[in-house]
There are 2 protein chains.
Amino acid sequence: MTTQSQGLHTHVLDTLGLEISSGQCPPGSVLRTDELAQRFDVSRTVVREVVRVLESMHLVESRRRVGVTVRPTETWNVYDPQVIRWRLAGSDRPRQLRSLTVLRSAIEPVAASLAARHATAAQCAELTERALGMVATSRGQQLEGYLEHDIAFHRIVLNASGNEMFARLGDVVAEVLAGRTHHQVMFEDPDPAAVTLHVRLAEAVREGDPEAAERITKEIAVGALHELDVLAP
Amino acid sequence: MTTQSQGLHTHVLDTLGLEISSGQCPPGSVLRTDELAQRFDVSRTVVREVVRVLESMHLVESRRRVGVTVRPTETWNVYDPQVIRWRLAGSDRPRQLRSLTVLRSAIEPVAASLAARHATAAQCAELTERALGMVATSRGQQLEGYLEHDIAFHRIVLNASGNEMFARLGDVVAEVLAGRTHHQVMFEDPDPAAVTLHVRLAEAVREGDPEAAERITKEIAVGALHELDVLAP
DNA sequence: GTGACACATACGTCGTACTTTTTGTTCCCG
DNA sequence: CGGGAACAAAAAGTACGACGTATGTGTCAC
């Protein structure tokens, strides 16, 4: 699931990134390129490329004569979808999931409000379609199908906002929703109230009602936060 | 200002990143590693490392037998501070500045509200100090000093929110404010109303009043957006 | 104890050679 | 004339070895 050996680089990057963001290799610990090359049985070239990428994510810092140092958590590029995936797969998933959900609760209402103003007819149509899809898959253990519609739904809202920064948060939301469904144990069907709210949000956007769209999205966010409180440690 | 020749890698990365995000090398155009190596007079190794980093930012895609292709704008990691800096220095600065300011207007009110609940005494103290610093530098063409206090002020609010995702947006805000002061032609002293709002925000946080903090921050954001409307093409 | 100097070390850069994958072309057969 | 299979070229992917360079550390003399 993690990597299908589509290149040495990817494998080493994924492994190292996961190890760092999951807490082994704590901040301050040093790695040596030669050792890494030995450990993964690859050339130093590959390791160096990986280190450079990790460096661009501010996960590590490479200095002469000292080695590759793991940087403190506060400097990491936590908006990088790759980093998010690593952290969500790692140990402090609950904390991460909460941070991301709070972020969503700040962004998505505003995005929905903008979407109600700017959404095209096509976007409204697909939004409604996805909402109906969520209704259709909301019962009977069709979690995967529901997840797909849910992700698509929120992505459309974010795209329809017309703001590029919001739109690019679609991947983050997708990671959160997928993480919630897969990692969190989710035996039961989704909350019927949440499904209804999505349908009503689609309506509000279609009718061009920014205030309603914002209010409904806030309700969805509150529900998501509450859900986390119930299930988290 | 762009690069202090602290390594070949940095120089090539900065140059290429800027060229791509500024629109020359439009999406779809292909670059060859050998050509790049020739052009920058560096080894293929260096170019490959740069390409890998650019790839991790989703600015380019490297495929065998075809070369390094510039990816469409929608896929770029626009939350990477490096990318933001490049785009802000490039051609479509106005659009970018607007997107980022809208993002701020969504995030910062919520962050301020949380900060009013969670800020420590030390954070409150520094916040007040910075607000006073802004007052002190608000007249008489002390733009650089004002900018420094402004950045620090917003960074404290974001940090005090206690949410990691908000905190990490400090760099983004810093880039926006710096971009506004430096690139935008800013002859005049900052808006006195804005300065007052910052002082009042510091008070609201210190007094633990989330509603007021949120409301005041929204006003600051509205002012910033309005300022853009006045000065933008 | 302090300062300067030398040394060891691990990253930084380079050049080359070889491998792998993709793509475009050619050529044969139906 | 059309389609498919074999082939060839191109460009990235990987490996290896060498040397450059900065920099932490230890030593030595004062």
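For the numbers below, each heavy atom of this structure counts, side chains included, while hydrogens, waters and symmetry mates do not. Naming convention: chains lettered A, B, ... in sequence-line order (proteins, then strands); numbering from 1 in each chain.
Atom CZ of B:R32 and atom C1' of D:dA9 are 14 Å apart (whole Å). Regarding B:L36, its CG atom lies at a distance of 14 Å from the P atom of C:dC14, rounded to whole Å. The separation between B:H11 atom NE2 and C:dT13 atom C1' is 15 Å, rounded to whole Å. Going from atom CD of A:Q38 over to atom P of D:dA15 covers 14 Å, rounded to whole Å. Between A:Q6 atom CD and C:dT22 atom P the separation is 11 Å, expressed in whole Å. For the pair A:L8 CG and D:dC16 P, the computed distance is 11 Å after rounding to whole Å. If you take CD of A:E35 and P of C:dT9, they are 13 Å apart, rounded to a whole angstrom. A:D34 has its CG atom 12 Å from the P atom of D:dG17, to the nearest Å.
Within a heavy-atom distance below 4.0 Å of DNA chain D, the residues of residues 43-51 of chain B found are B:R44, B:R48.
Once rounded to the nearest 0.5 Å, the distance linking NE2 of B:H198 with OG1 of B:T128 reads 13.0 Å.
For the salt bridge (Lys or Arg N to Asp or Glu O under 4.0 Å) test, residues two or more places apart in sequence or in another chain that qualify with A:E49 are B:R48, B:R52.
Among the nucleotides C:dT21, D:dG20, D:dT14, the one closest to the side chain of A:R64 is D:dG20. Listed nucleotides: D:dA12, C:dC11, D:dA10. Nearest to the side chain of B:R65: D:dA10.
Side-chain atoms of B:H182 and B:E144 form a donor-acceptor pair, as typed in the model, at a separation below 3.5 Å. B:R63 and B:T69 share no side-chain donor-acceptor pair at under 3.5 Å.
Side-chain contact between A:D14 and A:W86 is present, with heavy atoms from C-beta onward closer than 4.5 Å.
If A:R63 and A:D41 are placed on DNA chain D by their nearest nucleotide, the residue sitting closer to the 5' end is A:D41. Along DNA chain C, the nucleotide nearest to A:V66 and the one nearest to B:V66 differ in position, and the one closer to the 5' end is contacted by A:V66.
Phosphate contact (OP1/OP2 of C:dA10, side-chain N/O of A:T33, threshold under 4.0 Å): absent.
For residues 159-173 of chain A, the side chain to side chain donor-acceptor pair (under 3.5 Å) pairs, not counting sequence neighbours, are A:R155-A:D171, A:E164-B:R87, A:R168-A:D171.
None of B:V78, B:L100, B:V176 except one satisfies the side-chain contact (heavy atoms from CB on, under 4.5 Å) rule with B:I84; the exception is B:L100.
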